[in-house]
Amino acid sequence: MDVLVDFARTGRIGPLHCGMPLAEAEGLLGPGRPHPAIVMMGPDIDGYPYSWDGLRLDVIRRRVSGLCVDLHPGSITKLPALVLPESTTYEATIQREELITALDDAGCGHEVNGVLTFGQQSSILTRPADVCAVFSLPGRDDHVPHRDRHHLRVMHKRADIV
């Protein structure tokens, strides 16, 4: 939870930030798993992610244009040691209320993101970092105790790279 709250407050994941060169990120994280489009078309294709377990970096012109933490409620997942040094895995089930309480306790402002709130999905934007958190009801294959509550699916930050 500390990693997610820090990301929400600062827009950074440890030393990773939007705008940094991909080579610098790979220097910190080790080589990432490039999206199949990058493998087929080459490293200069834009808009496709590199991933390190539950961490994804979107890349434009070999610069990080987006940071993303993917979660799968009801499962255990991994983040690179640079991001979560104390553990190799973590519980990926986070209810909306838990994250909101943690943000409030940390003094991190947030508001409803109307663009991504519809149907069985809700979203917030944090202030001032503009990190987006997207929640949804559990899917059929998500093994969670509270099936009627929204769970965190993804937290991401995007930046325009010019």
Side-chain angles (χ1 to χ4, degrees), residues 2-94 96 99 110 113-143 150-162:
D2 293 340
V3 170
L4 299 177
V5 170
D6 191 50
F7 181 29
R9 287 178 49 248
T10 66
R12 300 172 71 100
I13 299 176
L16 304 171
H17 59 90
C18 290
M20 73 187 303
L22 174 62
E24 184 180 334
E26 286 190 308
L28 294 167
L29 294 164
R33 239 181 13 258
H35 186 276
I38 296 169
V39 174
M40 288 185 344
M41 309 276 301
D44 290 324
I45 187 169
D46 287 339
Y48 292 94
Y50 285 74
S51 60
W52 291 261
D53 299 315
L55 174 69
R56 218 174 357 111
L57 303 181
D58 294 326
V59 177
I60 295 177
R61 290 189 293 287
R62 297 189 188 213
R63 296 188 89 66
V64 175
S65 63
L67 304 170
C68 183
V69 175
D70 288 317
L71 298 150
H72 302 283
S75 69
I76 302 294
T77 192
K78 291 174 61 175
L79 283 176
L82 174 76
V83 176
L84 196 61
E86 303 287 320
S87 173
T88 57
T89 63
Y90 66 97
E91 173 63 41
T93 304
I94 298 172
R96 184 179 198 278
L99 182 62
H110 52 87
N113 178 358
V115 174
L116 293 177
T117 298
F118 54 85
Q120 295 184 352
Q121 174 176 298
S122 66
S123 177
I124 61 169
L125 281 174
T126 65
R127 297 291 178 222
D130 287 326
V131 172
C132 178
V134 180
F135 309 88
S136 68
L137 291 174
R140 179 178 49 231
D141 296 329
D142 295 333
H143 303 288
H150 281 87
H151 291 77
L152 183 61
R153 291 287 176 173
V154 65
M155 283 184 74
H156 62 86
K157 177 168 179 70
R158 306 267 186 261
D160 294 326
I161 302 295
V162 289

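Every heavy atom of this structure was used, including side-chain atoms; hydrogens, water molecules and symmetry mates were not.
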With a 3.5 Å distance limit and no angle check, can you tell me whether [X] reaches the backbone of [Y] through a side-chain donor-acceptor pair?
| X | Y | value |
| --- | --- | --- |
| T117 | S123 | yes |
| T93 | G74 | yes |
| H150 | Q120 | yes |
| R63 | G19 | yes |
| D58 | S65 | no |

Beyond-backbone contact of [X] with [Y], side-chain heavy atoms, under 4.5 angstrom:
| X | Y | result |
| --- | --- | --- |
| R153 | P73 | yes |
| Y48 | M41 | no |
| F135 | L99 | yes |
| L16 | V64 | no |
| L71 | H151 | no |

Run the numbers on V69 and V3 for side-chain contact (heavy atoms from CB on, under 4.5 Å), then give the verdict. CA-CA 10 Å; V69 175; V3 170; 5.6 Å; no

How long is the gap from CG on L57 to NE2 on H17, to the nearest 0.5 Å?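 Those atoms lie 11.0 Å apart.
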
How far does CD1 of I45 sit from CD1 of I60, to the nearest 0.5 angstrom?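 Those atoms lie 11.5 Å apart.
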
Looking at every non-hydrogen atom in both residues, tell me the closest pair between [X] and [Y] and how far apart they are.
| X | Y | result |
| --- | --- | --- |
| R56 | P49 | CG-CB, 3.4 Å |
| A129 | K157 | O-NZ, 2.6 Å |
| G66 | R158 | CA-NH1, 4.1 Å |

